[in-house]
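Side chains included, hydrogens not; waters and symmetry mates left out as well; all remaining heavy atoms used.
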Amino acid sequence: MDLSFSKEDEAFRAEVRAFLEAECPSDLRGARIYDVGREGTLRWTQILYKKGWVAPSWPKEYGGTGWSPTQKYIWDEETARIGTPALNGFGLNMVGPVIYTFGTDEQKKRYLPGILSGANWWCQGYSEPGAGSDLAGVRTRAVREGDHYIVNGQKTWTTLAQYADMIFCLVRTDPNVKKQEGISFLLIDMKTPGIAVRPIITLDGGHEVNDVFLENVKVPVENRIGEENKGWTYAKFLLGHERSNIAGVARSKKSLEKLKSIARSEMAGGRPLIESPDFKRKVAELEIDLLALEFTDLRALSEAAKGKPPGPETSPLKIRGTEIQQRLTELTMEAVGYYANPFIKGGPGRNEPEIGPDYAIHSAPTYFNTRKTSIYGGTNEIQRNIIAKMVLGL
Amino acid sequence: MDFSFTEEQTLLRNSVARFVADNYTFEARREIVKSAEGWRPDYWKQFAELGLLAAPFAEEHGGLGGGPIETMVILEEFGRGLVVEPYLPTVVIGGAFLRHAGSAAQKEELLPQIVEGSLVTSFAFAEPQARFDLFDVRTSAKKSGGGYTLNGHKSVAIAAPMAGKLIVTARTAGGQRDAKGIGVFLVDATAKGVTLESYPTVDGLRAADVRLDNVAVGADALLGEAENGLPLVERVVDEAIAALSAEAMGVHRKMLELTLDYTKTRQQFGQPISKFQALQHRMADMFVHVEESVSMAYMVALKLDAPEAERKAAAAAAKAQLGRAGRFIGQNAIQLHGGMGMTEEMAVGHYFKRATMMNILFGDTDHHTRRFAELTQGAAA
Ligand SMILES: Cc1cc2nc3c(=O)[nH]c(=O)nc-3n(C[C@H](O)[C@H](O)[C@H](O)COP(=O)(O)OP(=O)(O)OC[C@H]3O[C@@H](n4cnc5c(N)ncnc54)[C@H](O)[C@@H]3O)c2cc1C
């Protein structure tokens, strides 16, 4: 066991920091994906792509960086420190690994470059109105007709489908077997006739999720990943990847710093809020939780470095990671007091005349929005079921 | 001891509940919240006709002579419907200031206007540096001529955009955080030097930041004592907290009901999700919190006329609990709705947002827990 960073690691950190300082456009720093939109995300993706740093977790042969786990950790810290905008995770962290692990050479050639360069925006078509926690219950039907599937059904909660060029879908190809055994994994071009996207507005007023309707959508058989009716295997592989990225330690550390700086500016009892014993204690408790999460994450990382694929051990990371994110947004809202209440559209700096401090804008909507993190990616109740069954053997 | 409602109180509840059911469907409320005005002045007139705006006032001013229980009944039903009209700022708060401290002339002029529905008031007390301390007042009121000149900045005054009168706390003497030296002033919203920066709030109300720039008011604008207004403000805020607790009781009950209904119908893994014991326990805990919210709403309403120290502790306790319960019930209501809980189209999210903002108004759980400790254990050394 060893915690220290080597000289090489420190040099790497300096290199990364210098690159990010120089290259990350200032208008994108710290901005939410809804503010930067597809254009801003693409701009940043292109910069990373040109540098060859867009996919730190991919194998080198497919365009990854070949970094060690420590280097990836440093990368996460440094990008969080600058506040680089989010990338299209559905491509880079989800379908990308599925394609390079289970895809044909043809599929790899066709899809991986667009994922890396950002040219193709991917979205995730797993959930359906009737299939949320019970994901294997998907009913969107794909019927084989010659060298095509004809797909009919509805996907829902599809994040940023409004930007998407491609959607990866779980579809039912055999309704007559055990539900996990009749599912296939299809890659579908969003421009195919018969696809309609309808916005779902979330309680914070944002548009980040959608319904996606599929009516007689023709999908070439060559767009199927792996074998027919084996889609559940690939789906679970992907969920493992999704969960392993979900702890979000570096971003939470950054939010914690921000929270502390807000608590230094806000006044309570005639003194800075950060000096209030109640608030101090809450922030300290949160920071201790975050430290525990960080070391749980590092332990998982070190297992992964030995080549162990992510398994049910990632569930605690999902549960605690999301609870901490939620608590951070909650305390941030709490810190700003009454100025959490105004509903100001647009980003910071764009409100004229100014209503309250810049950091107060969005504090309540962000808290509302972050309730999603214990719902998506397998709800925190489902994660507990996984721990109970798969880890504890109950 | 008796916690039952009188026949009149039950009739009052039924009439408010009927109004809400008929006029305040979820869809109707969304339209109101989205509209340019942000409220329905015609509903306000109906409130007047139903006698709701007259509830807490003496008969000589056109009132019905009701007390805290009548206010509680009305606000619980308003909470269940997420009614956005400015009842709390006008009837509860504006009304209380006038009842407790209004001069005969002020009462005669203004109470009938409130009762008939022609006057909305907004309580402009918060300041950016003050957080939740009612006595932390920088806004100044300087004697000039026969009256006062007001200068300052008040934050997030609920209902100010539709108010005819602002009720403004201002410093007449002493330093920024002195308990002594605070006066309460009635200011015309359209007076020269008053600027409103209006906005919607995240929970569907309208509010404004109020800037006062050499606003001249007469001596008759003063409510109560010029240099000792804090006890009045504290009393009125405690009454507002009692009303808010009643509203919270409605909001919390409704969030539990919505969650029970949803989990009983939502099927996953071939059964209603309400069958999962993990969720049953969660809903049982929500119920425990709801019961406490009800108890605290009753408790504080019944103690509003108790001796000052007891009244203050009651309000602090109720407000602290309201925040904790709203958080637990609200967060779990969303969680148990799954993705549906995150949507603007489901009612539950709107109740959650209101519950969250109710925690902030007049001081959050931390503030009131601390206040309760000071009141019951003596101030910390
Ligand atoms: C903002 C957001 C973005 C999303 N983005 C995407 C996306 O891009 N692509 C995609 O495919 N999906 C996406 N999702 C969907 C997400 O994965 C689902 O919401 C999630 O799987 C839960 O399903 P559900 O919403 O149907 O809730 P339900 O499954 O109906 O769950 C409701 C409640 O019941 C509980 N519950 C269910 N089963 C059990 C059980 N067996 N034991 C105990 N409790 C249980 C749940 O934990 C939850 O509290 C997104 C969701 C949100 C909110």
Could you look at B:Met346 and say if it's the side chain, the backbone, both or neither that has a heavy atom under 4.5 Å from chain A? neither
Measure B:Ile273 against the heavy atoms of chain A and call it side chain, backbone, both or neither at under 4.5 Å. neither
Given a strict heavy-atom distance threshold of 4.5 Å, which part of B:His367 is in contact with chain A: side chain, backbone, both, or neither? neither
Tell me, side chain or backbone of A:Ala131 under 4.5 Å from chain B's heavy atoms, or both, or neither? backbone
Honestly, the part of B:Thr369 sitting under 4.5 Å from a heavy atom of chain A is neither
Measure the acute angle between the ring planes of B:Phe132 and A:Tyr338, then classify it against the limits of 30° and 60° as parallel, tilted or perpendicular. perpendicular
Indicate whether the side chain of A:Asp134 and that of B:Gln267 have a donor and an acceptor atom separated by less than 3.5 Å. no
Can you say whether B:Leu205 sits under 4.5 Å from chain A via the side chain, the backbone, both, or neither, judging by heavy atoms? neither
Parallel under 30°, tilted from 30 to 60°, perpendicular over 60°: which one fits the rings of A:Phe368 and B:Phe352? perpendicular
Pairs of heavy atoms under 4.5 Å with chain A: top-ranked of B:Gly270, B:Ala208, B:Gly341, B:Gly338: B:Gly338
Go through the side-chain N and O atoms of A:Lys318 and A:Thr373 and say whether any donor and acceptor fall under 3.5 Å apart. no
What part of A:Ser276 lies closer than 4.5 angstrom to a heavy atom of chain B: side chain, backbone, both or neither? side chain
Which of parallel (below 30°), tilted (30 to 60°) and perpendicular (above 60°) describes A:Phe168 and A:Tyr126? perpendicular
Evaluate the side-chain proximity of A:Leu239 to A:Leu135: yes if any heavy-atom separation is below 4.5 Å, no if none is. yes
Proximal component of B:Arg266, with respect to chain A [non-hydrogen, under 4.5 Å]: side chain
Answer yes if the side chains of A:Asp211 and A:Thr158 hold a donor-acceptor pair under 3.5 Å, and no otherwise. no
Measure distances from B:Asp133 to the heavy atoms of chain A and classify the residue's part below 4.5 Å as side chain, backbone, both or neither. side chain
Engaged part of B:Tyr199 at the chain A interface, taking heavy atoms whose separation is under 4.5 Å: side chain
Where on B:Met342 is there a heavy atom nearer than 4.5 Å to chain A: the side chain, the backbone, both, or neither? both
